[in-house]
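Contents: one structure, followed by commentary.
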Amino acid sequence: MCALIWSDLQSVHSTKMKVCGGPLPSSLCAWVVLLILVESGEPYRTPYDQEQGQNSDRDRERTDSRLDTMTDTRTDTRDYHRDASEVRGKECQRCCDPGEEIRTQSSNPQYPQHYPQYQAVPQINITILKGEKGDSGQRGPYGKSGKSGQSGPRGPNGIKGTKGSIGTPGDPCKSQYAAFSVGRKKAIHSNDYYQTLVFDTELVNLYGHFNMFTGKFYCYVPGIYYFSLNVHTWNQKETYVHVMHNEREVVILYAQSSDRSIMQSQGLMLELEREDQVWVRLFKGERENAIFSDDFDTYITFNGHLIKPKSEG
């Protein structure tokens with residue numbers, strides 16, 4: 001390094017002598033040497049100085065990178081504001097009311113900003129205008145009944161109730177009967193009027209419902225009854241008899257005149273009410289009419305009994 005400085009100084013000294021034409025003063029030479037050292041020389045650096053230099057270079061590089069980053073960030077921010085202003089300038093505008101104009105207010109004329117125009121809408125509190133409650137209207141008609149739904153599942157059994165009090169005793173069971181069977185041992189001939197056939201032999205007369213003096217059965221138990229009549233005809237004479245229900249002719253027992261006498265019978269069922277009468281009547285004497293019998297045997301019988309009382313339904 002010293003050799004280089006010395007060669008430079010000699011070249012400068014020779015140059016000055018050529019220019020000035022003689023030797024230069026010593027002070028001037030000293031200033032020239034200092035000037036050369038300042039301009040072209042490098043100072044001597046210790047290992048500590050080199051390490052400090054390297055650290056300063058690193059700090060300088062970091063500072064430069066930060067400045068570059070800040071510069072890029074400012075550039076991006078400017079681009080963002082520019083893009084935002086462009087997007088704001090392209091916002092949707094109201095098109096429902098063509099007559100309204102949208103004002104444009106912007107501090108920067110290069111990037112105009114558009115703001116929508118707002119209009120105040122008055123609001124009324126409905127509760128203030130509410131009137132008094134009116135009278136109830138008439139009830140409307142019933143609607144049609146809907147379809148019945150499906151039966152739900154059976155619910156759980158309820159709690160068992162307390163035992164009730166003993167009731168009043170009921171009426172004793174009554175079995176209702178009615179029956180009779182009567183006969184006649186005397187013959188009878190017709191005359192000019194109707195005759196009631198009276199019986200002289202009582203075979204069965206339960207509770208006395210058949211009156212032997214009038215020859216009639218009186219109903220005391222309403223219900224359905226069965227009756228039968230048996231007679232013996234007289235030869236060469238007709239037999240003409242009616243079974244009567246009150247005053248109405250119900251059935252007839254008839255036999256024509258014949259050389260022989262025979263047994264004739266008739267049966268029927270009647271529904272009787274209380275105090276109805278059933279009896280046998282011999283037709284009047286427009287023709288010869290008779291019933292055979294003798295004083296020893298019973299040829300004529302009249303029977304009846306209750307089949308079902310009306311109370312049993």
Side-chain angles (χ1 to χ4, degrees), residues 174-313:
K174 294 181 180 179
S175 298
Q176 297 175 327
Y177 301 98
F180 73 93
S181 179
V182 293
R184 181 183 174 97
K185 294 182 177 180
K186 292 182 179 179
I188 183 172
H189 293 269
S190 62
N191 51 27
D192 296 336
Y193 53 87
Y194 295 107
Q195 298 180 65
T196 301
L197 196 61
V198 178
F199 299 87
D200 52 18
T201 303
E202 185 181 73
L203 302 176
V204 174
N205 190 9
L206 189 61
Y207 307 121
H209 292 176
F210 189 88
N211 192 327
M212 298 296 292
F213 297 98
T214 60
K216 295 181 179 180
F217 169 76
Y218 294 89
C219 177
Y220 294 98
V221 182
I224 299 175
Y225 287 80
Y226 176 78
F227 298 95
S228 64
L229 175 64
N230 299 291
V231 299
H232 191 277
T233 63
W234 206 308
N235 54 349
Q236 303 297 325
K237 294 180 181 180
E238 290 182 344
T239 302
Y240 198 176
V241 181
H242 284 100
V243 177
M244 306 292 294
H245 178 199
N246 296 329
E247 299 299 325
R248 180 173 64 92
E249 300 172 352
V250 182
V251 294
I252 186 174
L253 189 152
Y254 176 76
Q256 294 180 345
S257 61
S258 175
D259 296 338
R260 296 181 305 167
S261 61
I262 57 175
M263 294 293 296
Q264 289 285 92
S265 63
Q266 181 66 281
L268 73 158
M269 294 177 65
L270 292 174
E271 184 176 2
L272 304 180
E273 299 294 336
R274 188 175 179 82
E275 297 183 358
D276 282 354
Q277 302 174 14
V278 179
W279 47 290
V280 180
R281 187 188 70 179
L282 185 65
F283 199 76
K284 60 185 179 179
E286 295 177 355
R287 60 186 72 180
E288 192 173 1
N289 184 15
I291 299 175
F292 176 81
S293 186
D294 56 28
D295 296 336
F296 302 101
D297 296 318
T298 302
Y299 287 89
I300 304 169
T301 59
F302 184 39
N303 309 295
H305 64 275
L306 176 65
I307 296 177
K308 183 178 180 181
K310 188 177 181 180
S311 61
E312 295 182 3

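Computed from heavy atoms alone, side chains included, the values below leave out hydrogens, waters and symmetry copies.
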Does anything in [range] form a salt bridge (Lys or Arg N to Asp or Glu O under 4.0 Å)? List the pairs, not counting sequence neighbours.
range: residues 267-281; result: E249-R281, E273-K310
range: residues 197-218; result: none
range: residues 223-241; result: K237-E288, E238-R287
range: residues 292-303; result: none

With sequence neighbours left out, what residues match [X] under side chain to side chain contact (heavy atoms under 4.5 Å, CB included)?
X: Q195; answer: I188, N191, Y193, L282
X: R248; answer: H245, V250
X: S261; answer: H232, T233

The criterion is side chain to side chain donor-acceptor pair (under 3.5 Å); which residues satisfy it with [X], sequence neighbours excluded?
X: R184; value: none
X: S181; value: N303
X: S265; value: none
X: D192; value: none

task = Please check if any side-chain donor atom of Q266 sits under 3.5 Å from a side-chain acceptor atom of S228, or the reverse.
result = no
Euclidean distance, S311 OG relative to Q176 CD, rounded to 0.5 Å = 4.0 Å
inquiry  = Can you confirm if the aromatic rings of Y218 and F210 lie within a centre distance of less than 6.0 Å?
reply    = no
Identified side-chain contact (heavy atoms from CB on, under 4.5 Å) counterpart of V241 within the set L229, N289, I300 = L229
note = The complete set of ring-ring contact (aromatic ring centres under 6.0 Å, His included) pairs with one or both residues in residues 248-272, sequence neighbours excluded, reads Y240-Y254
